[in-house]
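This report refers to the structure that appears directly beneath it.
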Amino acid sequence: EFTYSANSVTTDIFEIYDEASLRQFASIAPSFAPYKSAKLMENIDLTGKEWITIEGFGAYEFDGNGKKIIGLTAPLFGTTNASIKNLHLENLDLNITDARHIVGGIACVLRSTAEATAKLEGCSVSGKVTFATTYAAATEKDAEMAVSPMVAQAFGAQISNCQNNASITVTAASAPSQKNTYMCVAGIVGYMNKADDATEEPLLTNCVNNESATILWEEATVSSTKHSPYIAGVVGRYVCANGISNCTNHADVTVKSNINVANIGGVCGYIYVNETSKLYNYGDVTLDAKTAYSYWGGVIGSCYDNVMSVTNCENYGKVEFGANASCTHRNYIGGIMGTSQSTGATYSNLKNHGTIASYGDNADARFFVGGVIGYCWKVGELSNCINGAEGDATKGKIIVGGTVGQSNEEYYTNIGGVVGYFYPSGGTYLLKSCTNYAPMSLGFTTAGTYNYNIGGVAGYSNRGVGEECHNY
């Protein structure tokens with residue numbers, strides 16, 4: 001039984017001064033009333049100390065007060081609908097080798113309810129996360145994997161003004177092969193979706209994954225067609241009505257082990273939202289492994305179904321399909337986005353400054369490369385998009401080596417300065433005011449004779465190229 005020498009029940013704030021009072025808070029968190037808020041008053045060093053993740057902390061506030069918790073070796077919170085703000089985790093060291101597969105440094109699951117909107121505001125993390133585990137699961141839901149130094153999964157939550165400086169390394173990740181599985185890895189939040197009983201819309205804005213927060217997926221072969229890794233600097237898989245805005249990635253994102261279906265982006269691996277804007281990537285995005293289906297880009301890997309618009313996004317990092325890489329079915333690569341398959345969606349003011357390079361084996365794949373977007377299917381309009389920079393031939397270069405094409409007439413290769421393949425949902429001349437300034441270096445070996453479409457603006461456009469499209 002604890003006595004509350006530093007905290008009186010006459011106040012609604014539980015003040016945390018040291019390790020003892022932090023553990024005291026953890027013990028009462030499931031029954032926190034009459035307190036309404038916990039407040040960190042001093043930096044607390046837990047280096048070399050065991051920590052048991054806090055479960056059951058409900059619709060309250062945890063105010064980090066700009067202070068640090070140092071050396072955590074386990075997530076601070078499990079599942080919570082709390083509001084967490086101004087908290088800094090320093091030298092986080094999560095080494096996951098057991099059966100856990102939903103793991104976040106600050107919180108494993110941030111879930112809004114009718115009672116309260118879960119929030120993460122003004123927080124940061126430094127250190128490292130290593131994930132090396134296999135696990136069993138009875139249901140598809142239980143088979144999900146999500147890993148992040150900040151929040152593994154968020155449902156109906158609002159995440160804003162957060163920064164990650166902690167690296168992630170996935171060295172093994174094996175889920176039940178018979179289960180449909182999302183495997184989400186990202187610097188800010190692994191997987192983000194709505195919550196049916198939430199009273200406010202989810203939000204992801206003004207978040208940064210910094211240069212030290214590299215993401216490396218290696219020696220973690222995922223061969224099942226039911227497993228889909230979503231790997232990115234900011235968010236792995238985002239499925240919310242509200243879009244993402246003002247988020248930036250500075251770290252390299254690298255995949256070196258075999259994956260059947262890959263969704264990889266500098267900022268987002270996969271999005272399914274109404275509107276997204278002002279996303280920026282400065283890190284290199286590298287795929288150097290065997291895949292069957294690859295959807296990946298400098299900013300966004302893939303957009304599907306509910307996306308209505310993506311605007312004002314830029315990529316400065318290199319997007320590379322390495323010499324050890326190969327793809328057997330579909331490989332969609334873009335400076336901004338690998339693929340868009342969202343009917344009626346519009347894309348505008350997208351700019352790629354980074355080199356796009358393919359050195360691997362695409363002999364057995366449908367292969368699409370675009371300076372801005374690799375593959376557009378049934379979209380509405382692509383306008384005011386630029387690859388490269390006027391007067392600077394080093395920006396936005398497209399280099400295609402390795403092997404492409406095959407003797408199967410249903411497979412084809414499309415390479416475009418702005419878009420590899422463009423098939424709008426209706427109308428004509430919906431590719432507007434797009435410009436390519438960058439050179440192409442095409443030194444690939446052909447494995448077949450069918451269907452090569454290569455263009456300065458578009459490799460293939462089903463309904464024509466509109467006004468003010470230029471290739472320099």
Side-chain angles (χ1 to χ4, degrees), residues 154-160 182 186 189 191-196 198 200-207 230 232 234-248 263 265-281 295-315 332 334-352 368 370 372-386 418-434 458 461-463 466:
F155 298 93
Q158 296 183 351
I159 300 176
S160 61
Y182 297 144
V189 54
Y191 175 64
M192 196 162 182
N193 204 338
K194 64 181 181 178
D196 292 336
E200 296 184 65
E201 290 293 334
L203 181 71
L204 180 59
T205 187
N206 297 322
C207 291
Y230 301 86
V234 174
V235 55
R237 180 178 170 89
Y238 188 91
V239 189
C240 302
N242 276 11
I244 311 166
S245 63
N246 296 300
C247 289
T248 302
N263 295 267
V267 179
C268 312
Y270 172 104
I271 60 172
Y272 179 100
V273 295
N274 286 329
E275 298 179 356
T276 292
S277 66
K278 298 181 180 178
L279 306 183
Y280 307 97
N281 177 60
Y295 312 116
W296 57 300
V299 176
I300 300 166
S302 56
C303 292
Y304 277 85
D305 300 332
N306 201 42
V307 176
M308 296 311 297
S309 71
V310 177
T311 61
N312 300 307
C313 297
E314 297 189 40
N315 173 58
Y332 300 164
I336 297 295
M337 185 188 311
T339 181
S340 169
Q341 299 185 48
S342 183
T343 302
T346 60
Y347 302 101
S348 63
N349 299 310
L350 307 179
K351 298 179 181 179
N352 176 55
F368 304 90
V372 176
I373 302 177
Y375 180 87
C376 285
W377 173 257
K378 292 189 176 180
V379 299
E381 182 177 286
L382 184 65
S383 63
N384 298 304
C385 294
I386 297 173
V418 175
V419 57
Y421 182 94
F422 184 73
Y423 193 115
S425 58
T428 57
Y429 305 118
L430 296 175
L431 184 59
K432 300 179 179 179
S433 301
C434 292
S461 179
N462 180 261
R463 291 188 174 92

Beyond-backbone contact of [X] with [Y], side-chain heavy atoms, under 4.5 angstrom:
X	Y	result
C207	I159	yes
I244	V235	yes
I271	V310	yes

* Tell me, please, which residues at least two apart from K278 pass side-chain contact (heavy atoms from CB on, under 4.5 Å). => N246, Y280, N312

* To do: Could I get the full list of side-chain contact (heavy atoms from CB on, under 4.5 Å) partners for S277, not counting sequence neighbours?
  => S245, T311

Over all atoms of both residues, closest heavy-atom pair of [X] and [Y]:
X	Y	value
G243	T276	CA-OG1, 4.0 Å
N315	I336	N-CD1, 3.6 Å
A186	G236	CB-N, 3.3 Å
A154	V189	CB-CG2, 4.0 Å
C303	M337	SG-SD, 3.5 Å
G266	N281	CA-OD1, 3.5 Å

* Please test Y238 against Y191 for side chain to side chain contact (heavy atoms under 4.5 Å, CB included), starting from the C-alpha separation and ending with a verdict. => CA-CA 6 Å; Y238 188 91; Y191 175 64; over 6 Å; no

* Step-by-step side chain to side chain contact (heavy atoms under 4.5 Å, CB included) determination, E381 to V379 -> CA-CA 6 Å; E381 182 177 286; V379 299; over 6 Å; no

* Asked: Hey, does the Lys NZ or Arg CZ of R237 hover above the aromatic six-ring of Y230, less than 6.0 Å from the centre and inside 45° of the axis?
  -> yes

* When the ring centroid of Y304 is compared with that of Y272, is the distance short of 6.0 Å? -> no

* To do: Would you check, one step at a time, whether the test side chain to side chain contact (heavy atoms under 4.5 Å, CB included) holds for Y375 with F422?
  => CA-CA 6 Å; Y375 180 87; F422 184 73; over 6 Å; no

In Å and rounded to the nearest 0.5 Å, what is the [atom1] to [atom2] distance from [X] to [Y]?
X	Y	atom1	atom2	answer
L204	C268	CG	SG	7.5 Å
L431	N462	CG	CG	12.0 Å
E314	K351	CD	NZ	5.5 Å
F368	T339	CZ	OG1	8.5 Å
K432	L430	NZ	CG	6.0 Å
T346	L382	OG1	CG	9.5 Å

* Asked: Between the side chains of N206 and S160, does any donor sit under 3.5 Å from an acceptor?
  -> no

* Any chance the side chains of Y347 and S340 put a donor and an acceptor closer than 3.5 Å? -> yes

* Asked: What residues form a ring-ring contact (aromatic ring centres under 6.0 Å, His included) with Y295, not counting sequence neighbours?
  -> Y332

* Passing candidate, side-chain contact (heavy atoms from CB on, under 4.5 Å) with L279, options V234, I300, T248 -> I300

* Check the pair I373 / L350 against side chain to side chain contact (heavy atoms under 4.5 Å, CB included), numbers first and verdict last. => CA-CA 9 Å; I373 302 177; L350 307 179; 4.3 Å; yes

* Would you find a donor on one side and an acceptor on the other, under 3.5 Å apart, between the side chain of Q158 and the backbone of E201? -> yes

